[in-house]
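Convention: sequence-line order gives letters A, B, ...; per-chain numbering from 1.
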Amino acid sequence: MRTGHYKERWSQYVALSDNPTVWAWVAALLAALLIAPVVLDGYSTTLLVSALIAVVGAVGLNVLTGTTGLISLGQAGFLAVGAYTNGVLLVDHHWPVWATLPASGVVAAAVSLVVGIPSLRLKGLYLAITTLAFSFIINHVILYTESVTHGPNGIFVNGAKILGFDVQRGAPLYYLVLGVAVLSVLTALNLARTRIGRAWMAIRDHDVAARVMGIDLVRYKLLAFMVSSFIVGVAGALISLQIRFINIDVFALILSIEAIAFLILGGLGSIGGAILGAIFLSFLPEMIRLAFAMLGGSTASLLGNYLFEIRGMAYGVVIVVFLRWVPDGLIGLWRDIRTYWSNWPLAY
Amino acid sequence: MDFLLLLVSTGLVTGAAYGLIAMGFALVYKATGVVNFAQGELMMLTAYVSFSVADRTGLSFLMLMALTIPISMAIGLLLERIFIRPMLGEPVFSIVMVTIGLAVILRGLVILVWGPDPAVFDVGLPDTVIRLGPVPFYPAQLVLVAAMAGVTTIAWIFLRFSRIGIAMRAVAANETAARLSGISVSRIHAFAWMFSSAIASIAGVLFAANFKLAPDMWFQGMKSFPAVILGGLDSVIGASVAGLVIGVVENLFQGYVGQGMREISGFIVIVVVLMVRPYGLFGSREIERV
């Protein structure tokens, strides 16, 4: 048990971690992630890329839903905006990737203002319904502004190059995604320990009290919308790079539910939780596939026909089970285990 | 003029379906304070169950409904017991998320059990065209509108005069006071789910009879949201009226504004209503705005 643990300066108090062991583990994790594509085969690398993109999206949604407490069911809409911005700029306007990625975020953030300003005075269920409505409207706009977005034909996203590397496959894509993921996690972690992050949490915990303390609700809610959508937009751009063909069916409602499931599974309001949830759920379809393969025979073929449905049902089951039995999510489980371990043999 | 009349009349038919689904939403919200995102899926599930019953037995329409409604009430009760009851006392957000999880599970379940292909659901209604003035209708369309009118009337009488209906309103108004005067709140929640599931089954069967029985029927639940919001989340009667309005508005948008507007005009209505009058046309004004 660590005792006598005093914080004497503010900088110590807000430091990301005061524990050298944590830094050592983070360094080990980063090193492992860096050599992963060298060690792993192509298929596993692709899975890792999907998981890391999910991490970016989950961290983005967490800013809005976890930290600020504004529930959004419109994640799919912002992903679509990011993906289409990336696709259009890359293919039709021949922008380089290093410019299209931030541009996707900026456009998504701008769109989020359109969503955010009318929703400012709503919260809870009403906000969830509004964001849901907006994601349908965004999909519709994309489908019917054919001159810009190619409408129902979709876009073949290709020709993304950084320093001559094709960043749409294999190791270059992996490193690009890893870089973006690390950047967005760092951004979220650092925002959480500034005035902005504390203001967001105050709004989440009690908006009237936050207002009384002098937090400008309009400003900080809009800021949360913009930061969240920026990150989600970049995640959308990464999706378009990975899957190489985007149309509106990619960004169906199930994506928004999936994103909420990431947060619930990991533990709402925690960045670590968002990361854990995103990684765990990204590997879930793969785990289901392996489980069915072990059962073999007819069940495996059943899965082949209904993979999409079974995946959706698995998300549903995860949401229901975790809300019922593990409301603090994976990160809560981890905290319990850690406390138990460091207090052992005393009960905690 | 004929064009307008046609748009309005078909709009009323679609709107009747929206109204029925929206009443299910409003009933559950009124009694439990939870938006049941699985209402559309409940409608789809009960319609498929009814389809299987009709397929096995070949009953006439009225007998089929007489059998479908109790079965759906049992389904509603079962879902409430398994998914919602254990969450009693948790934050509303968690319960709403559970209904979203339930929705996704039901969606997958329907495809796993009944397959992904659309089916023709013959409910035993004739398909001779009936003319009301200049406008032709199919019997199924008229039955849908009549069912909505009937259910709305029954719901009004039920909420106004019956013991359970009054208890439901009491729970909606003040849960603690209702409990203190001897109302079993958890039983009222179960009743709300049973009745909303019964309404969902009527909506589901008639929607399938009018359009088709397909595993994307759940989307009608999403498209009924505008009606719930416009009517006011906690107003059952408001939901049914607003359903008709939304149905007509969608058709007029589609007819006069542009292709594809049908799909989103309702959602535009949501955004406008929530900005201007978030408690809807008939809802009670207690929504907190900060």
Side-chain angles (χ1 to χ4, degrees), chain A residues 65 69 71 73 115 117-130 132-141 143-144 203 207-208 210-211 217 221 253-254 256-258 260-261 263-264 268 302 305-306 308-325 327, chain B residues 29 33-35 37-38 41 82-83 86-87 90-112 115-116 215 218-219 222-223 225-226 228-229 233 258-261 263-276 278-279 287-290:
Chain A
T65 300
I71 301 157
L73 288 177
V115 183
I117 291 173
S119 331
L120 266 180
R121 308 214 291 182
L122 305 167
K123 54 182 188 178
L125 280 178
Y126 286 84
L127 183 67
I129 294 171
T130 321
L132 184 71
F134 264 110
S135 85
F136 287 124
I137 295 175
I138 287 173
N139 273 9
H140 177 86
V141 169
L143 197 57
Y144 282 88
I203 294 174
D207 46 5
V208 178
R211 185 78 194 82
L217 291 189
K221 279 187 179 178
L253 179 63
I254 187 79
S256 304
I257 295 174
E258 201 181 316
I260 290 277
L263 296 194
I264 290 175
L268 205 57
L302 176 81
N305 294 335
Y306 293 111
F308 191 73
E309 281 73 33
I310 291 176
R311 206 182 71 172
M313 286 174 80
Y315 290 144
V317 170
V318 162
I319 292 179
V320 171
V321 166
F322 269 75
L323 283 172
R324 170 87 176 80
W325 283 289
Chain B
Y29 185 82
V34 168
V35 173
F37 272 86
E41 284 74 5
I82 298 175
F83 289 93
M87 299 297 292
E90 300 279 335
V92 172
F93 169 69
S94 306
I95 309 182
V96 173
M97 290 315 300
V98 167
T99 69
I100 292 183
L102 173 63
V104 186
I105 294 174
L106 291 184
R107 242 177 262 167
L109 187 73
V110 165
I111 295 185
L112 285 186
W218 59 268
F219 197 68
M222 291 290 148
K223 291 193 68 188
F225 256 122
V228 197
I229 300 290
L233 256 177
Q259 186 66 25
M261 286 306 282
E263 309 307 322
I264 60 156
S265 51
F267 297 115
I268 296 173
V269 171
I270 286 193
V271 175
V272 172
V273 171
L274 285 180
M275 276 165 68
V276 179
Y279 39 86
I287 289 147
E288 191 185 350
R289 304 181 88 181
V290 177

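- The parts of B:Val35 that come within reach of chain A are both its backbone and its side chain, each placing non-hydrogen atoms under 4.5 angstrom from that chain.
- Residue A:Phe134 touches chain B through its side chain alone, counting heavy-atom pairs closer than 4.5 Å.
- Using a 4.5 Å cut-off between heavy atoms, B:Ile270 contacts chain A through its side chain alone, with no backbone atom that close.
- Interface residue A:Leu132: only side-chain heavy atoms are found under 4.5 Å from chain B.
- For the pairing with B:Val98, the side chain to side chain contact (heavy atoms under 4.5 Å, CB included) check across B:Phe93, B:Phe83, B:Phe37 returns one residue only, B:Phe83.
- Put simply, CE on B:Met222 and CD1 on A:Ile129 are 9.5 Å apart, with the number rounded to the nearest 0.5 Å.
- Contacts of B:Leu109 with chain A are made by both backbone and side-chain atoms, with heavy-atom separations under 4.5 Å.
- Contacts of A:Ile137 with chain B are made by both backbone and side-chain atoms, with heavy-atom separations under 4.5 Å.
- Note on ring orientation: taking the six-membered ring where Trp is involved, the planes of A:Phe136 and B:Phe267 are parallel (angle under 30°, cut-offs 30° and 60°).
- Contact annotation for B:Ile111: both backbone and side-chain heavy atoms come within less than 4.5 Å of a heavy atom of chain A.
- Between B:Leu102 atom CG and B:Arg107 atom CZ the span is 10.0 Å, to the nearest 0.5 Å.
- Listed here is the closest heavy atom pair of B:Glu41 and B:Ala103: CG-O, 3.3 Å.
- Heavy atoms of B:Ile95 lying under 4.5 Å from chain A are absent altogether.
- Residue A:Leu323 touches chain B through both its backbone and its side chain, counting heavy-atom pairs closer than 4.5 Å.
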